[in-house]
Amino acid sequence: MHRYRSHTCGALRETDIGKDVRLSGWCHRIRDHGGVLFIDLRDHYGITQVVCDPDSKAFKLAETLRSEWVIRVDGKTRKRPEGTENPDLPTGQVEVYVSEIEVLSAAAELPMPVFGEADYPEDIRLKYRFLDLRREKLHNNIMLRGRVIDSIRKRMKDGGFFEFQTPILTASSPEGARDYLVPSRIHPGKFYALPQAPQQFKQLIMVAGFDRYFQIAPCFRDEDARADRSPGEFYQLDLEMSFVTQDDVFNAVEPVMRGVFEEFANGKSVTQKFPMIPYAEAITKYGSDKPDLRNPIVMQDVSEAFRGSGFKIFANILAGDSKAQVWAIPAPGGGNRAFADRMNSWAQGEGQPGLGYIFWREGEEGGAGPLAKNIGPERTKQIADQLGLKVGDACFFVAGLPKNFYKFAGAARTKVGQELNLIAQDRFEFCWIVDFPMFEWNEEEKKIDFSHNPFSMPQMGVEEFLALDASDADKILGIKAYQYDIVCNGTELSSGAIRNHRPEVMEKAFAIAGYPKEVLEEKFGGMLNAFRLGAPPHGGIAPGIDRIVMLLAGEENLREVVLFPMNQKAEDLMMGAPAEVTPKQLKELSIRIDLPKK
RNA sequence: GGGGGCGUAGCUCAGUUGGUUAGAGCGCUGCCCUGUCACGGCAGAGGCCGCGGGUUCGAGUCCCGUCGCUCCCGCCA
């Protein structure tokens, strides 16, 4: 017999009754009845009930066992007595009557239990990650992650993509997030950077003629964390294709995403054909470039209903600036004062002066609330007609310059959807967001910036683009890029683009964003050189693996789907990173520490 | 860098207008228990109420500061 086990803890069935077996695992739960003692023995594969009584020579030792001790047991598989079967366990028809126990590893008192699903503080969970990972939910999430990645790989290879590895130690890039830097010992004073994404490498792979690249790629960005953004490092399904249009990329990626989600959706429905929503439309309808389409609320411009009206605050805002607008956020089913007031105080909590509203209720079919009184019944009806609102509904209003308030309007749309339970929980709602602006105005620095990444191809003829005059800001700011996102349930899952493979267009684009040719040469010289020596038109996208798994696992936080995550302050509490290093190490790197003064 | 929430036993939490000795459940320790699977029963240990200062006759409770965790904003080509 094997030293540790003849079966796993999830293996035994009625067909094994009568067999002498050997199991190893953790003492998940121990129930000592004095004369009979049960141990739920757990390993990766499942749980088997192990029984001991005073007739067994292992009984004395069994009584000393504690939670999470690792033991080996020998015994005989037998049918459970009539009426004591456990239908919740695959092994629940049988049990193992123990003849011998060997303690392989004892466990001290636990800082957190493995048994049960009680919530524990994150710092304890992170410090004792290996215990947390023993727990069913996290264990399953990590296994799901592995299966999702397997599925992605298979689908990508079936789609004609080839897997490549790109360097981890590379050069710092001037755009984008802060880099993680690695000092060079051989070149004192110089640094490698960890890649924020293998962006340039994958483009160079296209220039090298490999045609279709993918990689489950680690990416490193020194940015502050969010619930859906790990600090430090995360993984992307990075992919790139040659000789493609935007549609070709969509047709390659959409089936992979849909297929993976359908495979692991667990009964939830998945969008069959991802709708394409232009960026500008997403902003005006949903107040976000990552709209949650499970939320049926669509906002509308209702400026005309307020222009010159008796509601002076809005009327004055509209009169004061031709670009000012009033947007309506319909709230079907929210037609009562309590809800409207709750939204209003929520808005104040968000730092807004308040949230104007009208609601329609029995006896006040013409609209209730101070705002309705100010603008009068005719305009109120105009709003109700435009938005299709009826008795029992409400509507909220925000006014000002859309570029300043659209985020808040989007947040209000989400809040209304949540409060009124309008968000369908049984669906994965996908869409493409397309036609992102190429440039944006940087108000702080009074200059034009790239609005997304500088490698996208502008949606403009080469001649016309090269002829652009830097002073023609309006025209420049109106240029769209072949830049696109995949959004699912309000989470940005991917970002991609058709790349700019023309050196002269790239020079022009960087010039518009205020980067002289020398900077471009210094920072992107490698890629620029490549583009001067025969580059195929190419494009790609990079879906975030962690976020995909998070959605499929039904988790709200990335840390629930990452094996060994860092906390929000980018610390690994288990390994103790980051940490100080020895003076000798620093000296070798020609680095002297100069801490900021408190 | 900024804002919100939280911080009471190992853990989850309760703790009234500021008022005797700060409680419960889980876990832990001991004893009892032969069919449990969230086993059950009895007993027990375990608290700088995050930390520092203040108001008060009296602070877990009120005020100020600080630290920790978390969520959000900035940031994330």
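Lettering follows sequence order; numbering is per chain, from 1.
Atom NZ of K127(A) and atom C1' of rC69(B) are 15 Å apart (whole Å). Remark: P of rC13(B) and OH of Y120(A) are 11 Å apart, rounded to the nearest angstrom. As a whole-Å value, the separation of L131(A) CG from rG10(B) C1' is 13 Å. Spacing between atom CD1 of I30(A) and atom P of rG40(B) amounts to 15 Å, rounded to whole angstrom units. Residue N404(A) contributes atom CG, which lies 17 Å from atom P of rC73(B) at whole-angstrom precision. We find that CD of E571(A) is positioned 10 Å from C1' of rG68(B), with the value rounded to whole Å. Atom P of nucleotide rG4(B) and atom NZ of K415(A) are separated by 17 Å, given to the nearest angstrom. The CZ-P distance, from R31(A) to rU34(B), rounds to 16 Å in whole Å.
rU55(B) and rG65(B) have their C1' atoms separated by 15 Å, with the value rounded to a whole Å. With C1' as the reference atom, rC26(B) and rC62(B) are 33 Å apart, rounded to whole Å. rC64(B) and rG5(B) have their P atoms separated by 12 Å, with the value rounded to a whole Å. The separation of rU70(B) from rC28(B), taken at their C1' atoms, amounts to 29 Å, rounded to a whole angstrom. Straight-line distance between the P atoms of rG41(B) and rC33(B): roughly 16 Å, to the nearest whole Å. Taking atom C1' on both rU12(B) and rC49(B), the two are 16 Å apart, rounded to the nearest angstrom. Taking atom P in both rC32(B) and rU21(B), the straight-line distance is 37 Å, to the nearest Å. Across the P atoms, rC37(B) and rA43(B) are found 22 Å apart, a figure rounded to whole Å.
Looking at N567(A) and E122(A), their side chains never bring a donor and an acceptor atom within 3.5 Å of each other.
Here E492(A) lies out of heavy-atom contact (under 4.0 Å) with every strand. Residue contacts shown for R29(A) are limited to sugar-phosphate atoms, with no base heavy atom under 4.0 Å away. Residue contacts shown for N567(A) are limited to sugar-phosphate atoms, with no base heavy atom under 4.0 Å away. Looking at heavy-atom distances under 4.0 Å, F455(A) makes contact with a base. As judged by a 4.0 angstrom heavy-atom cut-off over every strand, N557(A) is placed among residues touching the sugar-phosphate backbone only. Contacts of N86(A) with the nucleic acid, taken as non-hydrogen atoms under 4.0 Å apart, include base atoms. Residue R66(A) is in sugar-phosphate contact alone, with no base atom involved, counting any heavy-atom pair closer than 4.0 Å across all strands shown. When heavy atoms are screened at a 4.0 angstrom cut-off, I124(A) is found touching the sugar-phosphate backbone but no base atom. Residue R78(A) is in base contact, counting any heavy-atom pair closer than 4.0 Å across all strands shown. Using a 4.0 Å heavy-atom cutoff across all strands shown, P113(A) reaches no nucleic acid atom at all.
Taking 4.0 Å as the cut-off between side-chain N and carboxylate O, E100(A) and R72(A) count as a salt-bridged pair.
Among the nucleotides rG68(B), rG35(B), rC75(B), the one closest to any side-chain atom of K569(A) is rG68(B). For R226(A), whose side chain is taken as the heavy atoms from C-beta onward, the closest listed nucleotide among rG74(B), rG35(B), rC76(B) is rG74(B). The R229(A) side chain lies nearest to rC75(B) when the options are rC75(B), rU36(B), rC71(B). Checked against rC71(B), rC37(B), rC28(B), the side chain of R559(A) finds its nearest nucleotide in rC71(B).
Taking only distance into account, the side chain of D40(A) never meets the base of rC37(B) through a donor-acceptor pair shorter than 3.5 Å. For E85(A) and rG35(B), a side-chain-to-base donor-acceptor distance below 3.5 Å is absent, hydrogens and geometry of angles not being considered. Residue R80(A) places a side-chain atom within donor-acceptor reach of the base of rC37(B), judged by atom type and a 3.5 Å distance cut-off alone. With hydrogens and angles ignored, a donor-acceptor pair closer than 3.5 Å exists between the side chain of D224(A) and the base of rG74(B).
With RNA chain B read from its 5' end, the first of the two nearest nucleotides for R221(A) and K407(A) is the one closest to K407(A). Map G34(A) and L110(A) each onto its nearest nucleotide of RNA chain B; the residue landing nearer the 5' end is L110(A).
Relative ring orientation between F455(A) and F524(A) is described as perpendicular, the plane-to-plane angle rising above 60° on a 0-90° scale split at 30° and 60°. The aromatic rings of F439(A) and F465(A) lie parallel to each other, their planes meeting at an angle below 30°, with 60° marking the opposite boundary. Aromatic ring pairs are classed by plane angle as parallel below 30°, tilted from 30° to 60° and perpendicular above 60°; the pair Y515(A) and F450(A) is parallel.
In this pair, H33(A) does not lay its aromatic ring on the base of rU36(B); centres under 5.5 Å and planes under 30 degrees do not both hold.
Using a 4.0 Å cut-off, some side-chain N or O of Q568(A) falls inside it from OP1 or OP2 of rC71(B).
Partner assigned to rU17(B) is none, using Watson-Crick or G-U wobble distances below 3.5 angstrom. With a cut-off of 3.5 Å on both pairing distances, the Watson-Crick or G-U wobble partner of rC69(B) is rG5(B). In this entry rG40(B) has rC32(B) as its Watson-Crick or G-U wobble partner, both defining distances falling under 3.5 Å.
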Worked verdict on Q49(A) versus N86(A) for side-chain hydrogen bond (donor to acceptor under 3.5 Å, both in side chains): CA-CA 10 Å; Q49(A) 175 163 284; N86(A) 185 345; over 6 Å; no
Verdict with reasoning, T77(A) to D16(A), per side-chain hydrogen bond (donor to acceptor under 3.5 Å, both in side chains): CA-CA 6 Å; T77(A) 312; D16(A) 297 302; over 6 Å; no
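With F115(A) as the aromatic partner, R29(A) meets the cation-pi criteria of under 6.0 angstrom to the ring centre and within 45 degrees of the ring axis.
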